[in-house]
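All remarks here apply to the structure that follows.
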Amino acid sequence: MELETLFLLGVYLLPLAMVSAMAAWADNRKPVLGLLLLLCSGGLIAWVWVQRPDGMFALREIPELTVALAAQVMALF
């Protein structure tokens with residue numbers, strides 16, 4: 001996979017991790033899925049940070065990367 005795709009996957013898993021952890025906390029359960037999502041998201045972002053020669057993507061690049069990814073997906077159909 002391209003680094004842009006991995007970065008976006010990591011960025012978009014972060015809110016899901018927080019929602020899952022908050023739901024588990026509200027139901028008095030252990031936030032296992034939330035922690036797993038957080039670890040996966042952090043791992044993906046760290047992998048992109050290490051592998052990309054220019055360093056980490058800026059937050060202002062997320063909308064542009066998202067549109068480019070959506071265009072790539074739409075081009076498949």
Side-chain angles (χ1 to χ4, degrees):
M1 291 184 112
E2 295 180 4
L3 291 177
E4 294 86 1
T5 305
L6 293 175
F7 175 72
L8 286 176
L9 184 60
V11 166
Y12 289 137
L13 281 179
L14 273 176
L16 295 176
M18 287 195 266
V19 168
S20 177
M22 292 297 283
W25 175 71
D27 291 340
N28 289 326
R29 293 182 285 121
K30 294 180 182 177
V32 176
L33 181 61
L35 290 176
L36 181 67
L37 285 172
L38 181 65
L39 287 173
C40 290
S41 176
L44 285 170
I45 292 172
W47 178 261
V48 170
W49 187 16
V50 169
Q51 294 296 319
R52 188 166 184 250
D54 296 334
M56 182 58 68
F57 289 103
L59 290 178
R60 66 178 181 270
E61 293 180 273
I62 292 174
E64 182 181 327
L65 293 172
T66 302
V67 171
L69 180 64
Q72 288 176 353
V73 170
M74 288 173 46
L76 294 175
F77 297 104

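None of these values were measured; they are calculated from a predicted model.
- When the side chains of ILVMFWY residues are joined at heavy-atom separations under 4.5 Å, either directly or via intervening members, Leu13 and Met18 end up in two distinct hydrophobic clusters.
- Here Leu35 contributes atom CG and Cys40 contributes atom SG; the two are 11.0 Å apart, rounded to the nearest 0.5 Å.
- By the 4.5 Å heavy-atom criterion applied to side chains, Leu14 and Ile45 are counted as neighbours.
- Residues Trp47 and Met56 share a single hydrophobic cluster, defined by chaining ILVMFWY side chains whose heavy atoms lie under 4.5 Å apart.
- The CZ atom of Arg52 sits 8.5 Å away from the CZ atom of Phe7 when rounded to the nearest 0.5 Å.
- The side-chain hydrogen bond (donor to acceptor under 3.5 Å, both in side chains) analysis of residues 4-16, with sequence neighbours excluded, yields the pairs Tyr12-Thr66.
- Taking every heavy atom of both residues into account, Gly34 and Ala17 meet most closely at O-CB, 3.6 Å.
- Pro31 and Ala21 make their closest contact through CB-CA, 4.0 Å (heavy atoms, listed as atom of the first residue, atom of the second, distance).
- Looking at heavy atoms from C-beta onward, Ile62 lies in side-chain contact with Leu59 at the 4.5 angstrom threshold.
- For the residue pair Leu3 and Phe57, the shortest heavy atom distance occurs at O-CE1, 4.1 Å.
- Using a 4.5 Å cut-off on side-chain heavy atoms (C-beta onward), Gln72 and Leu69 make contact.
- In the hydrophobic clustering of this structure, Val11 groups with Trp49; members are Ile, Leu, Val, Met, Phe, Trp, Tyr whose side-chain heavy atoms approach within less than 4.5 Å, directly or through other members.
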